[in-house]
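Since the structure comes first, as C-alpha cells, the remarks are kept for the end.
Residues: numbered from 1 along the sequence shown. Every value quoted in this text rests on a predicted model; they were computed, and no experiment measured them.
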Amino acid sequence: MNIELLKRIIVTNRRKISEISVVNREYLLDANMNYIFTGVRQSGKTFLMFQRIQELLRQGVDLKTIVYINFDDERLIGFSSEDFDLLLQTHYQMDERPPILFLDEIQNVPFWEKFARRIANEKYRVFITGSNAKMLSSEFATVLGGRYQIVNVYPYSFREFLNVNKIALENDWEYDDKIINSIRRCLDIYFNNGGFPDCLTAIQKRNWLSSLFKKMLLGDIVARYSVKNVNALTYIVKKLSESIKQPISYTRLTQLVSSLGAKIQVNTLIDYLSYLEESWVLLSVKNFASRFVEREGNKKYYFCDNGILNLFLVDGNTSLLENIVAVNLKRMYGEDVYFYRKNVEVDFYLPMQSALVQVSYSIDDEETKRRETESLVKVANFLDAKTLMIITMNEENTIELCGRQIKVIPLWKWLLKIL
C-alpha cells in the first residue's frame with residue numbers, strides 16, 4: 001500500500017465529510033466510547049459516522065485529526081492487516097496529534113479485529129462499521145473483549161422517516177387532524193417501500209429495492225460465502241416471504257425448496273439461513289415456550305425492511321404489518337423478542353418488558369377479536385405479563401377481559417410510541 005495514496009484518500013475524504021449534508025439519526029452516542037456500527041447494506045451506517053464526525057467538528061475537534069477510510073474504496077483493494085500500521089504512520093506524517101479513526105466496511109480486511117483491539121488498548125478513539133452480523137460473533141467478541149459498544153443500525157424508523165419528510169411532531173400532535181393525516185399518508189409509503197434512506201429519493205422505488213436486494217444476495221452472500229446453489233438460496237428467501245407470521249422448521253423449509261427443483265440438504269439450508277441472517281437480510285425470532293434446544297430449529301423469520309419483503313408479495317398487507325412490527329421490536333429490544341406458541345399463540349413476547357403483543361390487520365370481526373384477546377389473556381395469566389396489546393392497521397380501543405386490560409392501537413401511533 002502506498003503512503004501518498006493514503007494521504008490523498010484521507011484529505012479527499014475530510015473535505016467530502018465536512019461539506020456533505022447529513023440527516024441526524026436517533027442514535028445517542030457516549031462521548032468516551034469506541035463504537036462498532038453494524039447492519040444491513042444501505043441502512044445508513046456510513047452517514048451515522050459522518051453525523052458523528054460533524055458533531056465532533058462542531059465541538060471544536062480539528063478536522064486534521066479525523067481519519068476516515070472506506071474499505072469499499074476500489075483504491076484500497078489489497079489492503080491487508082499489515083497496512084493498518086501504515087495508515088497510522090501516514091496520519092502522523094501529516095499531523096502529530098493522535099487521530100480519531102473512522103473505519104468503514106472494515107470486514108473487507110482480514111484480521112481487522114486484532115488491530116481494533118490493539119488501538120483500543122492504546123486509547124485511540126475509534127468508530128467502525130461493517131455489514132456482516134458475524135462481526136459480532138462470540139469469536140470476535142472474545143478478541144475485542146468489551147472494548148467497543150455495538151450499535152445495530154436499521155433503515156429509518158418511522159419517526160426518522162417523518163423527520164426527513166419535514167413532518168414535525170409538536171406538542172399534542174395526536175389531537176391535530178392535519179398532522180395525523182400527513183402521518184397516515186407517510187405511513188402508506190413507509191409501510192410498502194420501507195425505510196432505506198436512499199430509497200426515499202429514488203423515482204422508481206421498486207427498481208431501486210430490487211437492485212439493492214440483488215447486491216445483498218450476490219455480493220453480501222453468494223460471493224462472500226462462495227454459495228454454489230444460488231437457486232436454492234433464492235427459493236429460501238421466496239418461501240420465507242410466504243411464511244411470514246408462521247414458524248417454520250429446517251426440515252419443512254428444506255422440503256419446500258427441494259420441491260421447486262433446487263435439491264438441498266438440511267445442513268446446507270441451515271448454512272444458507274445463517275448467511276442471510278449474518279448479512280442482515282433476515283431477522284429471526286425464537287419460541288419462548290420451546291425447550292432451549294428446539295428454539296433454533298423452529299423460528300419465525302422476518303425481513304430487514306418492508307421494502308425488501310414487498311418485492312415478493314402480492315396483496316400481502318397482513319404480512320407487511322407483522323413484519324414492520326417485528327423489525328421495530330428488534331430495533332428497540334434486540335434479542336429480548338420472542339413469540340409464544342404452546343397450545344395457544346401470541347405473536348410477540350418481551351420478557352424484560354413483561355409485554356405481550358398481537359398483530360392483527362383488523363379485529364372488527366367478532367371471531368378474530370375473540371381469538372386474539374383470549375390468546376393474550378391465557379398467555380398473560382401463565383407468564384404474568386403486565387402489558388397486553390393488539391396492533392392493528394387503523395383501529396384503536398381498550399378492551400377489558402377477565403380482569404385484564406388490552407390496548408388496541410393503530411400502527412401509525414404505535415410506531416411513534418413503541419410500548
Side-chain angles (χ1 to χ4, degrees), residues 1 5-6 8-10 12-14 16-17 20 22 25 27 29 34-54 66-88 90-91 99-120 124-137 139-141 143-144 147-155 196-198 211-226 275-281 304-305:
M1 192 55 56
L5 173 61
L6 289 175
R8 180 178 297 276
I9 290 173
I10 290 170
T12 302
N13 286 344
R14 282 175 181 161
K16 169 187 172 184
I17 293 166
I20 198 166
V22 173
R25 302 294 304 272
Y27 293 92
L29 305 180
N34 293 330
Y35 283 92
I36 295 178
F37 304 133
T38 186
V40 68
R41 177 192 285 264
Q42 294 287 329
S43 59
K45 301 181 298 296
T46 297
F47 274 78
L48 190 55
M49 270 191 170
F50 294 171
Q51 175 181 325
R52 186 60 184 145
I53 291 171
Q54 292 186 4
I66 301 295
V67 174
Y68 168 80
I69 298 291
N70 184 345
F71 292 102
D72 264 348
D73 189 329
E74 82 284 352
R75 293 171 295 179
L76 296 175
I77 290 174
F79 191 101
S80 68
S81 57
E82 290 81 9
D83 292 320
F84 281 121
D85 262 342
L86 187 63
L87 178 61
L88 291 176
T90 301
H91 167 77
I100 303 176
L101 297 168
F102 292 83
L103 307 175
D104 203 355
E105 299 295 354
I106 200 173
Q107 81 280 345
N108 292 332
V109 184
F111 307 112
W112 64 269
E113 68 278 7
K114 307 288 187 182
F115 174 71
R117 174 176 175 145
R118 176 166 66 83
I119 56 175
Y124 284 92
R125 296 174 68 185
V126 193
F127 297 81
I128 289 171
T129 78
S131 298
N132 188 345
K134 195 173 182 180
M135 291 176 65
L136 309 183
S137 68
E139 174 190 352
F140 288 157
V143 174
L144 296 177
R147 291 162 175 81
Y148 291 82
Q149 182 76 37
I150 307 300
V151 176
N152 295 334
V153 180
Y154 290 83
F196 282 105
D198 285 349
S211 176
L212 174 62
F213 176 71
K214 288 176 183 175
K215 290 175 185 174
M216 292 175 179
L217 203 70
L218 299 177
D220 297 338
I221 300 175
V222 173
R224 179 177 294 165
Y225 299 104
S226 301
Y275 302 158
L276 287 161
E277 288 198 70
E278 286 165 8
S279 300
W280 296 93
V281 176
C304 62
D305 183 81

(message) So does A116 get a backbone contact from the side chain of Y148, meaning a donor-acceptor N/O pair under 3.5 Å?
(response) yes

(request) For residues L103 and V109, determine if any side-chain heavy atom of one lies less than 4.5 Å from a side-chain heavy atom of the other. (result) no

(message) Do R224 and E278 make a side-chain contact, defined as non-hydrogen atoms from C-beta onward lying under 4.5 Å apart?
(response) no

(message) With a 4.5 Å cut-off on side-chain heavy atoms, are L217 and V281 touching?
(response) no

(request) List in chain and number order the residues that pass salt bridge (charged side-chain N to carboxylate O under 4.0 Å, His left out) with R125, two or more places apart in sequence or in another chain; answer none if no residue qualifies. (result) none

(request) Could you tell me which residues satisfy salt bridge (charged side-chain N to carboxylate O under 4.0 Å, His left out) with D73, sequence neighbours excluded, listed by chain and number? (result) R75

(message) Using every non-hydrogen atom in the two residues, find where G39 and S43 come nearest and quote the distance to one decimal.
(response) C-OG, 4.1 Å

(request) For residues I69 and F102, determine if any side-chain heavy atom of one lies less than 4.5 Å from a side-chain heavy atom of the other. (result) no

(message) In the structure I gave you, are the side-chain heavy atoms of F37 and L29 within less than 4.5 Å of one another anywhere?
(response) yes

(request) Report the residues that fulfil salt bridge (charged side-chain N to carboxylate O under 4.0 Å, His left out) with D220, sequence neighbours left out, ordered by chain and then residue number. (result) R41

(message) On a heavy-atom basis, which atom in M1 and which in L86 lie closest, and how many Å separate them?
(response) O-CD2, 3.1 Å

(request) Taking all heavy atoms of R147 and all of A120, pick out the closest pair and write down the distance. (result) CB-CB, 3.9 Å

(request) Would you please name every residue forming a side-chain contact (heavy atoms from CB on, under 4.5 Å) with F47, sequence neighbours left out? (result) I20, V22, F50

(request) Report yes if some heavy atom in the side chain of V40 is under 4.5 Å from a heavy atom in the side chain of F196; otherwise report no. (result) yes

(message) Looking at every non-hydrogen atom in both residues, tell me the closest pair between C304 and M216 and how far apart they are.
(response) SG-CE, 4.5 Å

(message) The criterion is side-chain contact (heavy atoms from CB on, under 4.5 Å); which residues satisfy it with P99, sequence neighbours excluded?
(response) V67, L88, H91, Y92, L101, Y124

(message) Going by the rule side-chain contact (heavy atoms from CB on, under 4.5 Å), which residues pair with R8 if we only count those two or more places apart in sequence or in a different chain?
(response) T12

(message) Please give me the minimum heavy-atom distance between M49 and F127, naming the atom from each residue.
(response) CE-O, 3.1 Å

(request) Side-chain contact test, heavy atoms from C-beta onward, threshold under 4.5 Å: evaluate it for I36 versus E113 and give yes or no. (result) no

(message) With side chain to side chain contact (heavy atoms under 4.5 Å, CB included) as the criterion, how do L87 and I10 come out once you've worked through the C-alpha distance, each side chain's angles and the decisive distance to 0.1 Å?
(response) CA-CA 10 Å; L87 178 61; I10 290 170; 4.0 Å; yes

(message) Quick one: does any side-chain atom of Q54 pair with a main-chain N or O of I17 as donor and acceptor, under 3.5 Å?
(response) yes

(message) Holding to side chain to side chain donor-acceptor pair (under 3.5 Å), I want the full list of residues that pass it with S80, two or more places apart in sequence or in another chain.
(response) E82, D83

(message) Just to verify, what does N34 make a side chain to side chain donor-acceptor pair (under 3.5 Å) with, not counting sequence neighbours?
(response) none

(request) Sequence neighbours left out, what passes salt bridge (charged side-chain N to carboxylate O under 4.0 Å, His left out) with R14? Give chain and number order. (result) none

(request) Only counting residues at least two apart or in another chain, list the ones meeting side chain to side chain donor-acceptor pair (under 3.5 Å) with Q51. (result) E55

(message) Measuring from atom CG of L48 to atom OG1 of T129, what distance do you get when rounded to the nearest 0.5 angstrom?
(response) 9.5 Å

(request) Name all residues meeting the side chain to side chain donor-acceptor pair (under 3.5 Å) criterion together with T90; count only those two or more places apart in sequence or in a different chain, and write none if there are none. (result) none

(request) Take D72 and N108 through the test side-chain hydrogen bond (donor to acceptor under 3.5 Å, both in side chains) and record every step on the way to the result. (result) CA-CA 7 Å; D72 264 348; N108 292 332; 2.8 Å; yes

(request) Hey, could you give me the CD1/CD1 distance between I66 and I53, rounded to the nearest 0.5 Å? (result) 5.5 Å

(request) Apply side chain to side chain contact (heavy atoms under 4.5 Å, CB included) to the pair Y27 and V153, showing each step before the final yes or no. (result) CA-CA 9 Å; Y27 293 92; V153 180; 4.0 Å; yes

(request) Compute the ring centroids of F79 and F71, then answer whether they are less than 6.0 Å apart. (result) yes

(request) State, with a plain yes or no, whether a side-chain heavy atom of W280 is found less than 4.5 Å away from one of T38. (result) yes

(message) Taking T46's backbone N and O only, do any of them form a donor-acceptor pair with D104's side chain (distance below 3.5 Å, no angle check)?
(response) no

(request) State which residues pass side-chain contact (heavy atoms from CB on, under 4.5 Å) with S81; sequence neighbours excluded, sorted by chain then number. (result) F84, F111

